[in-house]
Amino acid sequence: MSIDGSLRAFKQAQDLIPGGVNSPVRAFSSVGGTPLFIAEGSGAYLTDIDGNRYVDFVQSWGPLIFGHRDETIENAVINAVKHGLSFGAPTQAESDLAQLVISMFDSIEKIRFVSSGTEAVMSAIRLARGYTGRDDIVKFTGCYHGHSDSLLVQAGSGAATFGNPSSPGVPADFTKHTLLATYNDIESVKKCFADSKDIACVIIEPIAGNMGLVPADKEFLHELRELCSAHGTLLIFDEVMSGFRASLNGAESITGVKPDIVTLGKVIGGGMPVGAFGARAEIMAKLSPEGPVYQAGTLSGNPVAMAAGLAAISKLKANAGVISVLNQRAKRLVEGMQKEAISCGIPMQIDTRGSMFGFFFNEKPVKNFADACNSDAELFAKFHSKMLQEGFYFACSLYETGFISTAITDEMIEDTIKASAKVFKEITNNA
């Protein structure tokens, strides 16, 4: 398999763009090798600029639940484009998509659309601070909520759990109000509340997809809800990744825990850039122009993105059983790969939530970021590289989640398992 075209394209990109990519994980730095430059996506497949074709288990990091170039979504986008790319004024499509999302999430009475997941979370936190009149927030190590300043933190030191900047360019003053807790550890959250009486919100991925797939325990989420309610603190579920992927009705329908604010993205754009945050009307009433908390965006509610999202969510709602079908395929995939790995003496932890799947080369179950970091990164890199050579495109980081689309067939799943068996044998024979 030749990737000469990707090699040349990457070299050119490195001369023009920092690291040669416009989002760091795409650089393949954690798995080695050269990132593939994509020419086309169609159904379950990606084709790179050298003409190599791959079964795609990334699906643009989640939004393409019906695969690449789904006809319904593609037609909706083309029709929208014919009427104009952007107006900076309200359109009916915004209300139509808002009404659809609200009808499917019990915790959302009003919603505001933005252009990215980062923007959705940043705005949701500002709203929580404005609503409560408090400054501090709690986040969990290993949960990623975008690259806004107050969320790029690492663990602090001393008695308090306040975070320190984890990226140059982020002033310490911006992160001093961010407290860090350990995922699935309620005692660490209690410590945060003991350290601060000024906590506006706790934000969590109820189904974490940014340290690999690590769902929160139901008991932990129930205790978290009780703790937030007792302290007058808002609970934010970040479902930018899991929304409409793990369940049609959000993590609330899986866990029985009702958040105060939900952030969404990925699927609600159908492949176009979009994000959103929603809550009960009382909270959303604090948002400008209804209230004093300011948030704006020239391209928010972009008509092309709204058309794509409306087509995607409408199709998903009309085919409600699709999540169950995709979960069966996801389970078959990871259970099949796990069986092949174990037969070669390779320990492997697996999990699925709806159409999301994850796996770790780890001897112990993964419950938090520290557990994830104890996984075998070198083995993952070898597996990733060899599976690419076999024609299967997995996320280029062991801390990312995989996705099944409706375009991925049972036969493709079986082919992937067979390829993994070959790869695991090669890895162990060459160890």
Side-chain angles (χ1 to χ4, degrees), residues 1-10 21 25-70 212-213 271 326 328-341 343-344 346 348 350 352 355-359 361 377-398 400-430:
M1 181 179 76
S2 170
I3 59 167
D4 289 345
S6 285
L7 286 165
R8 288 192 297 270
F10 189 45
V21 294
V25 72
R26 300 176 193 173
F28 273 44
S29 56
S30 66
V31 292
T34 298
L36 302 176
F37 278 60
I38 305 304
E40 181 184 12
S42 180
Y45 294 101
L46 288 176
T47 303
D48 67 22
I49 60 177
D50 290 288
N52 302 303
R53 195 170 74 155
Y54 312 86
V55 176
D56 180 17
F57 289 107
V58 178
Q59 295 294 319
S60 191
W61 304 99
L64 307 181
I65 201 163
F66 296 106
H68 296 275
R69 293 176 56 197
D70 173 77
L213 182 64
L326 294 181
Q328 291 171 15
R329 289 178 186 162
K331 284 186 174 181
R332 177 72 190 106
L333 174 67
V334 292
E335 288 174 358
M337 292 198 306
Q338 183 187 49
K339 180 180 177 181
E340 299 298 341
S343 71
C344 292
I346 297 173
M348 190 176 185
I350 61 173
T352 67
S355 59
M356 306 169 69
F357 69 86
F359 58 91
F361 296 119
E378 182 179 352
L379 178 57
F380 179 86
K382 290 178 181 177
F383 174 81
H384 183 270
S385 176
K386 289 181 177 294
M387 288 300 285
L388 274 181
Q389 293 171 26
E390 296 296 323
F392 301 93
Y393 191 89
F394 285 91
C396 50
S397 167
L398 79 161
E400 297 290 349
T401 297
F403 301 93
I404 303 289
S405 75
T406 59
I408 293 176
T409 64
D410 290 327
E411 183 180 3
M412 292 175 189
I413 296 293
E414 293 303 320
D415 288 343
T416 310
I417 294 169
K418 291 177 183 176
S420 74
K422 176 183 177 183
V423 165
F424 287 136
K425 288 175 183 176
E426 289 178 357
I427 290 173
T428 51
N429 289 338
N430 295 328

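In this chain, numbering begins with 1 at the start of the sequence shown.
Taking the side chain as every heavy atom from C-beta outward, V25 and E400 approach each other to under 4.5 Å. For the pair I404 and I413, the minimum side-chain heavy-atom distance is below 4.5 Å. At least one side-chain heavy atom of Y45 sits under 4.5 Å from a side-chain heavy atom of V55. For the pair V423/F392, no side-chain contact is recorded, criterion being any heavy-atom separation below 4.5 Å from C-beta on. When side chains are defined from C-beta on, R26 does not count as touching C396, because their heavy atoms never get closer than 4.5 Å. Two residues are said to be in side-chain contact when any heavy atoms from C-beta on lie closer than 4.5 Å; L326 and I65 meet this criterion. In this structure, the side chains of V31 and F380 come closer than 4.5 Å at one or more pairs of heavy atoms. Residues K331 and I350 have side chains not in contact (no heavy-atom distance under 4.5 Å, counting atoms from C-beta outward).
If you take CD on Q338 and OG on S420, they are separated by 11.0 Å, rounding to the nearest 0.5 Å. With values rounded to the nearest 0.5 angstrom, K386 atom NZ is found 14.0 Å from K425 atom NZ. D56 contributes atom CG, which lies 7.5 Å from atom CG of L64 (distance to the nearest 0.5 angstrom). We find the OH-CD1 distance between Y393 and I38 to be 5.0 Å, quoted to the nearest 0.5 Å. A distance of 7.0 Å separates CD1 in I3 from CG in D50, rounded to the nearest 0.5 Å. Taking CZ of R329 as the reference point, atom OG1 of T352 lies at 14.0 Å (rounded to 0.5 Å).
Scanning both residues, E340 and A421, for their nearest heavy atoms gives OE1-CB, 3.3 Å. Residues F66 and A407 share a closest heavy-atom pair of O-CB, 4.5 Å. For the pair F37 and S6, the tightest heavy-atom approach, listed with the atom from each and the gap, is N-OG, 3.0 Å. Counting all heavy atoms, side chain and backbone alike, I427 lies closest to L379 at CG2-CD1, 3.5 Å. Between G271 and P63, the shortest heavy-atom contact is N-CB, 3.9 Å. For the pair A381 and S30, the tightest heavy-atom approach, listed with the atom from each and the gap, is CB-O, 4.1 Å.
Classification of R69 and E40 as a salt-bridged pair holds, one side-chain N sitting under 4.0 Å from a carboxylate O. Salt bridge R332/E414: present, at least one basic N to carboxylate O contact under 4.0 Å.
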Evaluation steps, side chain to side chain contact (heavy atoms under 4.5 Å, CB included), between V21 and F28 = CA-CA 10 Å; V21 294; F28 273 44; over 6 Å; no
Audit row: K339, E335, salt bridge (Lys or Arg N to Asp or Glu O under 4.0 Å) steps and yes/no = CA-CA 6 Å; K339 180 180 177 181; E335 288 174 358; over 6 Å; no
Residues T416, M387; criterion side chain to side chain contact (heavy atoms under 4.5 Å, CB included); working and verdict = CA-CA 9 Å; T416 310; M387 288 300 285; 3.9 Å; yes
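Applying the side chain to side chain donor-acceptor pair (under 3.5 Å) criterion to D415, with sequence neighbours excluded, gives no partner residue. Partners of F383 according to the ring pair (Phe, Tyr, Trp, His ring centres under 6.0 Å) rule, which considers only residues two or more places apart in sequence or in another chain, are F359, F361, F394, F424. Every residue was checked against the ring pair (Phe, Tyr, Trp, His ring centres under 6.0 Å) condition with Y54, not counting sequence neighbours, and none meets it.
The main-chain N or O of S2 is found under 3.5 Å from a side-chain atom of N52 such that the two form a donor-acceptor pair.
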